[in-house]
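As structure tokens, the structure follows; a few thoughts come after it.
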Amino acid sequence: MRTLRDPAEMQSWALEQRRVGHSIGLVPTMGFLHDGHLSLVKKARASADLVCVSIFVNPTQFGPNEDFSTYPRDWERDEALCRQAGVDLIFAPAPEAVYAADASVSVVEKRLATRLCGASRPGHFEGVCTVVAKLFNLTQPTFAVFGEKDAQQLRIIRRMVRDLNIPVEIVSGPIVRESDGLAMSSRNARLRSDERGQAVCLRRALDTVESAFARGERSADALRSAALAEIARAPLARVDYVDLVDDVTLEPVSRIEAPVLCALAVHFPSARLIDNAVLKG
Ligand code: PAF
């Protein structure tokens with residue numbers, strides 16, 4: 001397994017691999033890898049000649065009062081996990097190698113990115129789209145694998161690839177959960193033990209929504225209220241949003257007819273967590 005830190009070296013390696021006919025599967029990450037990331041690597045490993053994992057805590061997707069400086073990092077552990085998982089190459093550049101000091105071009109998705117996390121994290125998806133476009137240019141993947149936990153990110157990246165005709169197939173991998181149902185996330189490591197105990201309220205809220213939906217409830221307001229009531233049972237939780245939106249357009253719905261994304265974001269004192277479920281009518 002190789003590690004490259006220089007973007008120019010990364011790009012010339014990738015162009016050469018593609019020139020000789022090798023497929024490249026990219027798993028973009030911000031590191032502090034967990035089993036959710038490793039399931040994406042496994043998916044890439046199953047069909048790519050070469051698997052590249054990028055490890056880059058991207059400063060441009062964090063707001064000024066967000067957790068860029070405290071985002072968990074553990075290079076040695078990440079490297080060992082990638083080696084065990086059969087990764088061929090880690091791309092781990094420094095921020096100043098990725099962004100010119102006077103960089104003035106970015107990628108803006110103007111519709112899907114205004115909702116859900118985009119409403120509470122202005123500029124977040126501009127940072128994500130820009131870095132993902134750059135990672136695609138630098139690593140020249142045949143396909144890239146993204147986790148379904150970041151449901152809005154996945155839909156925005158699919159839209160970016162469609163609208164900019166980027167020749168990369170976007171593949172998704174299901175949410176991987178802890179034994180109590182908490183969706184795996186690098187930020188879970190920051191939860192104190194009392195917060196960790198209550199963090200299961202996100203999965204419980206989604207369970208409540210899915211059960212009510214299975215019993216025939218089709219009102220978005222009723223499903224939303226059921227989710228909010230479940231989260232209210234966790235005193236340390238502060239809801240950012242609980243929304244039921246069209247699975248493709250991310251527009252709010254009042255009745256569940258076409259597939260609907262039930263997405264939630266909840267603040268705990270030490271971390272903001274997200275989770276989601278798709279309701280198929
Ligand atoms: O999902 C993430 O970890 C990040 O948003 C991504 C896609 C690696 C871009 O920095």
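Whatever order the structure lists them in is the order used to number ligands and atoms, beginning at 1.
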Please identify which atoms of ligand 1 are closer than 4.0 Å to at least one heavy atom of [X].
X	value
Gln61	4 (C), 5 (O), 9 (C), 10 (O)
Val131	9 (C), 10 (O)
Pro28	8 (C)
Gln153	1 (O), 2 (C), 4 (C), 5 (O), 7 (C)
Thr29	8 (C)

Charged N to carboxylate O below 4.0 Å: is that the case for [X] and [Y]?
X	Y	value
Arg115	Asp246	no
Asp247	Arg155	yes
Arg203	Glu210	yes
Arg45	Asp88	yes

Exercise for the section: Provide, to 0.1 Å, the distance between atom 3 (O) of ligand 1 and the closest protein heavy atom, together with that atom's residue and name. Expected result: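 It is Met30 CG, 3.6 Å.
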
Practice task
Mark yes when over 12 heavy atoms from residues, nucleotides or ligands other than Arg233 sit less than 6.0 Å from its CZ; otherwise mark no.
Solution key: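 Counting other residues, nucleotides and ligands, CZ of Arg233 stays at 12 neighbours or fewer.
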
Exercise for the section: Evaluate the criterion side-chain contact (heavy atoms from CB on, under 4.5 Å) for residue pair Leu182 and Arg196; output intermediate values, then yes/no. Expected result: CA-CA 9 Å; Leu182 177 65; Arg196 174 64 190 84; 3.4 Å; yes

Practice task
Of the side chain and backbone of Leu135, name the one, both, or neither that has a heavy atom under 4.0 Å from an atom of ligand 1.
Solution key: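 Within the 4.0 Å criterion, Leu135 makes no contact with ligand 1.
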
